[in-house]
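Okay, so here's the structure we're looking at.
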Amino acid sequence: MVLQPDRPDWWRDAAIYQVYPRSFADGNGDGTGDLAGIRARLPYLAELGFDAVWFNPWYPSPLKDGGYDVADYRSIDPVFGTLEEAEKLIAEALDLGIRTVVDIVPNHVSNEHPWFRAALAAPVGSPERELFHFAEGRGENGELPPNNWTSEFGGCPWTRIADGQWYLHLFATEQPDLNWAHPLVRQEHEEILRFWFDRGAAGVRIDSAGLLTKEPGLPSFELGVDTHPFVDRDDLHEIYRSWRAIADSYEQPRVLIGEIWVPDTERFARYLRPDELHTAFNFDFLARPWAAAELRASIDGTLAAHAPVGAPATWVLCNHDVTRTVTRYGRTDTRFQFSAKAFGTPTDRALGVRRARAAALLSLALPGSLYMYQGEELGLPEVEDLPLSTLQDPMHFRSGGTDPGRDGCRVPIPWSGEAPPYGFAPEGVEPWLPQPADWAALTVAAQTGDPDSMLELYREALRIRRERIGGEFGWLPADPEVLSFRRADGFGCLVNLGAEPVALPGGAALLLASGPLAEGGALPSDTAVWFEILDTRL
Ligand code: GLC
């Protein structure tokens with residue numbers, strides 16, 4: 001299989017599409033997306049102009065956390081298809097010029113994974129239990145959890161089993177954490193990497209990449225006072241160096257992409273040193289409000305942090321864990337924060353769409369790679385009124401029902417037609433999460449060929465990006481409420497986040513606008529334009 005050896009650095013400026021397999025396209029008519037559905041839709045992704053696809057987990061899983069509870073890392077869940085089909089999918093995608101990025105989940109396994117089943121069946125102190133973090137509880141009879149840590153999903157990250165021991169799970173109860181101090185854990189994951197690289201995967205997205213190692217002894221700690229016992233520990237870097245050596249051992253080196261939520265940009269950039277990961281998701285950019293100073297600070301901070309390690313930045317607006325962009329940008333508070341998500345937070349859809357269109361042009365024009373979550377190209381909103389009985393996300397359940405969870409951004413894609421399932425599944429089949437009744441205008445079919453649609457904006461922007469945009473980034477002079485920058489090749493981008501229209505720079509030839517221009521050609525509020533810089537003084 002040939003991974004276009006002519007472009008070994010493809011990941012430095014790639015546009016990568018994120019597929020959530022359960023919700024992309026249902027090929028076999030059971031209401032859940034699958035590999036057959038994805039294979040049938042590959043031409044859509046190729047034609048849109050994406051360089052690679054990252055697939056959320058497709059492994060056998062009891063689905064206690066949307067597939068991030070993996071029972072077998074070397075196989076495909078039967079609901080999605082077979083390993084053979086995955087191999088075909090990887091090859092077919094490549095024939096269309098699309099590389100595959102597989103999701104690797106090293107921090108934890110499913111409680112149905114053979115290792116954890118064996119650990120539960122084995123006695124206290126057994127080698128089987130050493131692969132996980134089993135510990136005695138505190139209190140007179142061990143009735144209190146071993147330490148004061150909290151789960152990333154809220155609540156206590158410890159569960160007690162019948163013989164009195166507790167096991168650690170930083171996420172849901174069904175996701176026991178692996179003990180990364182154990183050589184077998186390391187060896188196993190190195191083999192899993194090779195398994196997928198040998199099948200043609202061009203890279204891996206590493207889930208919860210900043211959490212793997214834990215402070216020996218698993219001590220209680222005080223946030224902000226003690227060194228964090230499980231976030232961003234120094235001993236993680238050695239693991240990623242060994243992974244990089246594996247990735248580099250391939251004739252066409254494979255790529256490591258980290259999911260790292262570390263706010264300190266200098267600490268974040270350490271993962272991107274030349275012998276560690278290639279890139280990591282830019283959550284700083286994703287979480288910022290729609291405000292010029294905030295976005296400018298994020299862009300400057302990102303570029304400054306990446307430069308010393310020679311790594312490209314990434315630009316991300318959305319993924320399967322966060323609020324859909326058009327919904328978030330239509331709110332009064334446009335930041336993304338897990339803690340601020342709540343039922344009933346109002347949003348102005350039209351405003352959100354306008355801003356999301358401008359944000360698309362902004363992020364596609366910045367230097368580095370871009371990740372776009374499925375459905376963003378259609379401007380899908382967060383579905384905030386899913387019937388409670390259909391919700392599946394452990395974040396919802398572990399919040400005691402106050403957090404809506406992440407199901408609202410995972411609703412199946414509308415492809416065509418006037419009513420659910422909108423071509424996602426065969427007529428009459430109910431998708432695993434219900435789709436809204438008012439999505440007919442958002443389908444791929446409805447938007448195709450409509451020059452004002454989000455889909456055509458993305459299509460055109462991706463085309464121009466591929467053909468036209470490159471080189472060093474530099475700010476152009478602009479009002480505080482305006483972001484204006486150029487790339488070395490004479491390409492310019494201007495985004496108006498202020499209330500008043502702004503004039504386009506003199507000597508600019510318009511390439512693309514995210515919305516209609518005001519009278520006299522000025523750029524209205526919440527609108528972005530791409531332009532050719534004709535005036536050499538700019
Ligand atoms: C990552 C995934 C998220 C999952 C969690 C636990 O943050 O993106 O969906 O719930 O890890 O695996």
Side-chain angles (χ1 to χ4, degrees), residues 16 18-24 54-73 77 101-113 116 132 149-155 157 159 168-178 180 189 192 204-212 214 230-232 236 256-263 268 271 277 279-284 286-287 314 316-324 336-339 341 371-375 382 391-399 403-411 433:
I16 299 161
Q18 179 190 352
V19 165
Y20 194 74
R22 284 175 97 183
S23 299
F24 189 65
W54 149 35
F55 294 101
N56 285 106
W58 50 17
Y59 315 107
S61 164
L63 293 178
K64 297 297 180 199
D65 179 21
Y68 283 96
D69 46 325
V70 180
D72 176 1
Y73 291 81
D77 196 302
V101 173
V102 170
D103 213 318
I104 294 292
V105 188
N107 181 66
H108 43 265
V109 298
S110 157
N111 59 346
E112 304 276 314
H113 188 283
F116 192 68
F132 299 90
W149 298 4
T150 45
S151 159
E152 299 291 296
F153 284 166
T159 292
L168 176 71
H169 49 85
L170 289 183
F171 293 90
T173 311
E174 298 86 356
Q175 292 169 295
D177 277 47
L178 287 165
W180 273 86
H189 279 275
I192 292 167
V204 289
R205 177 262 187 191
I206 307 161
D207 184 63
S208 303
L211 304 179
L212 274 45
K214 315 306 190 269
F230 62 83
V231 176
D232 184 31
L236 272 171
L256 308 173
I257 303 155
E259 188 214 12
I260 301 171
W261 293 81
V262 171
F268 177 83
Y271 291 88
L277 309 183
T279 62
F281 299 113
N282 189 345
F283 292 119
D284 180 75
L286 179 153
T314 68
V316 190
L317 291 171
C318 190
N319 66 28
H320 65 293
D321 291 328
V322 307
T323 311
R324 284 279 188 193
F336 177 76
Q337 277 182 306
F338 283 107
S339 56
K341 282 182 76 175
Y371 288 83
M372 198 210 64
Y373 177 45
Q374 67 180 34
E382 184 85 2
L391 297 187
Q392 310 215 356
D393 185 12
M395 261 194 175
H396 168 69
F397 298 109
R398 290 183 68 95
S399 74
D403 183 326
R406 300 164 294 178
D407 295 302
C409 67
R410 300 175 178 178
V411 170
L433 273 178

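Numbering of ligands and ligand atoms starts at 1, following listing order. Worth knowing before you read on, the calculation uses all heavy atoms, side chains too, and leaves out hydrogens, waters and symmetry mates.
The protein atom (non-hydrogen) at minimum distance from atom 9 (O) of ligand 1 is D321 OD1, 2.6 Å.
Atom numbering of ligand 1 starts at 1 in the shown order; those under 4.0 Å from a heavy atom of F153 are 10 (O). Within ligand 1, counting atoms from 1 as listed, the ones closer than 4.0 Å to a heavy atom of R410 are 9 (O). Against a heavy-atom cut-off of under 4.0 Å, H320 is close to the following atoms of ligand 1: 2 (C), 3 (C), 8 (O), 9 (O). Taking every heavy atom of R205 and a limit of under 4.0 angstrom, the matching atoms of ligand 1 come to 2 (C), 8 (O). If you number the atoms of ligand 1 from 1 as listed, the ones under 4.0 Å from a heavy atom of H108 come out as 6 (C), 12 (O). The S208 neighbourhood of ligand 1 comprises atoms 1 (C), 11 (O), with distances under 4.0 Å to a heavy atom of that residue. Taking every heavy atom of R406 and a limit of under 4.0 angstrom, the matching atoms of ligand 1 come to 3 (C), 4 (C), 9 (O), 10 (O). Within the listing of ligand 1, atoms 4 (C), 5 (C), 6 (C), 10 (O), 12 (O) sit less than 4.0 angstrom from a heavy atom of D65.
The aromatic rings of F338 and F336 sit perpendicular, their planes meeting at an angle over 60°, well past the 30° parallel limit. The aromatic rings of Y371 and F281 sit perpendicular, their planes meeting at an angle over 60°, well past the 30° parallel limit.
W180 contributes a side-chain N or O that, together with a main-chain N or O of P106, makes up a donor-acceptor pair within less than 3.5 Å. Between the side chain of D393 and the backbone N or O of R406, at least one donor-acceptor pair lies under 3.5 Å. Counting only distance, with no hydrogens or angles, the side chain of D403 and the backbone of M395 share no donor-acceptor pair below 3.5 Å. Panel note: side chain S23, backbone V411; no donor-acceptor pair is recorded below 3.5 Å.
Within a 6.0 Å sphere centred on NZ of K64, heavy atoms belonging to other residues, nucleotides or ligands number 12 at most.
Only side-chain heavy atoms of E259 come within less than 4.0 Å of ligand 1; its backbone N, CA, C and O stay farther off.
Side-chain contact, N319 with Y20: no donor N or O sits under 3.5 Å from an acceptor N or O.
Residue D207 holds the heavy atom nearest to atom 11 (O) of ligand 1 of all those in N319, D207, L170.
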